[in-house]
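All values below come from the heavy atoms of this structure, side chains included, with hydrogens, waters and symmetry mates left out.
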Amino acid sequence: MMIMIRAIIRPEKADAVLAALMDAGFPAVTKYSVAGRGKQRGIKIGEVTYDEIPKTMLMSVIQEEDKDFVINTIMNTARSGTKGAFGDGKIFISDVDCAYTISSGVKEGATEVAA
């Protein structure tokens, strides 16, 4: 079975996470610049509240048996310091029923990884 991992992380951690995934054998990643807020509801500096904080979303489809390894790679690389900090991000996991390669039209099912 295939799963999709979406990791929303600090932008300054994106290059390190991408390099760690590449080194671990998971080079297929889509990167987005996004903005949002978590439970902390943004950051208040003086009288101004910044509630749309820049983040980076990394998206990858992998085999389910690789899930824990990939999640740990992302978490260990994206975490601030040894204990982490508010705003380090979130990881979401979804099932992927199938994928299609546009150039060839080949359908990839639950037993194959989407490129």
J.: Kindly indicate whether the side chain of Met2, heavy atoms from C-beta on, has any atom under 4.5 Å from the side chain of Gln63.
T.: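 They are in contact (side-chain heavy atoms under 4.5 Å apart), so the answer is yes.
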J.: Please find the pair of heavy atoms, one from Ala28 and one from Ser60, that lie closest to each other, and give the distance.
T.: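 For Ala28 and Ser60, the tightest heavy-atom pair comes out as O-OG, 2.8 Å.
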J.: Just by modelled atom types, is the Gly87 backbone N or O under 3.5 Å from a matching donor or acceptor in the Lys55 side chain?
T.: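 Judged by distance alone, yes, a pair lies under 3.5 Å.
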J.: Can you tell me how far apart OG1 (Thr30) and CZ (Arg6) are? Round to the nearest 0.5 Å.
T.: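 So the OG1 of Thr30 and the CZ of Arg6 are separated by 10.5 Å.
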J.: How about Asp15 and Lys31: do any of their side-chain heavy atoms sit closer than 4.5 Å?
T.: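 Sidechains of Lys31 and Asp15: in contact.
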J.: I'd like to know whether Lys13 forms a side chain to side chain contact (heavy atoms under 4.5 Å, CB included) with Thr77, so could you lay out the CA-CA distance, the side-chain angles of the two residues, the decisive distance to 0.1 Å, and finally the verdict.
T.: CA-CA 7 Å; Lys13 296 285 189 167; Thr77 309; over 6 Å; no
J.: Under 4.5 Å between side-chain heavy atoms, counting indirect links through other Ile/Leu/Val/Met/Phe/Trp/Tyr residues: same cluster for Met22 and Val61 or not?
T.: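 Not linked; separate clusters.
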J.: Quick check: are there more than 12 heavy atoms from other residues, nucleotides or ligands sitting under 6.0 Å from CE of Met59?
T.: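 More than 12 heavy atoms, drawn from other residues, nucleotides or ligands, come within 6.0 Å of this atom.
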J.: Hey, what do you get for CD1 (Ile8) to NZ (Lys90), rounding to the nearest 0.5 Å?
T.: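 NZ of Lys90 is found 9.5 Å from CD1 of Ile8.
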J.: So, taking the atom named CD1 in Ile5 and the one named NZ in Lys67, what distance separates them when rounded to the nearest 0.5 Å?
T.: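 If we round to the nearest 0.5 Å, Ile5:CD1 and Lys67:NZ are 8.5 Å apart.
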J.: Is there a side-chain contact between Leu58 and Val17 in this structure, where contact means two heavy atoms from C-beta onward sitting under 4.5 Å apart?
T.: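 In short, these two side chains touch, coming nearer than 4.5 Å.
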J.: Verify side chain to side chain contact (heavy atoms under 4.5 Å, CB included) between Ile71 and Ile93, making sure each step is shown before the conclusion.
T.: CA-CA 9 Å; Ile71 289 170; Ile93 310 297; 3.7 Å; yes
J.: What distance separates Phe26 CZ from Asp66 CG, expressed to the nearest 0.5 Å?
T.: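 CG of Asp66 is found 3.5 Å from CZ of Phe26.
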J.: Heavy atoms only: give me the nearest Gly105-Tyr100 pair and the separation to one decimal.
T.: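 Result for this residue pair: O-CD2, 4.2 Å.
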J.: Kindly compute the distance separating CD1 (Ile91) from CD1 (Ile74), expressed to the nearest 0.5 Å.
T.: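 Between Ile91 CD1 and Ile74 CD1, I get 5.0 Å after rounding to 0.5 Å.
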J.: Could you tell me whether the side chain of Asp88 and the main chain of Arg79 form a donor-acceptor pair under 3.5 Å?
T.: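 Answer holds: no.
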J.: Just by distance, do the side chain of Thr56 and the backbone of Ile9 share a donor-acceptor pair under 3.5 Å?
T.: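 A pair under 3.5 Å: no.
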J.: Could you measure the distance from the CG atom of Asp97 to the CE atom of Met1? Nearest 0.5 Å is fine.
T.: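 One gets 7.0 Å once the value is rounded to the nearest 0.5 Å.
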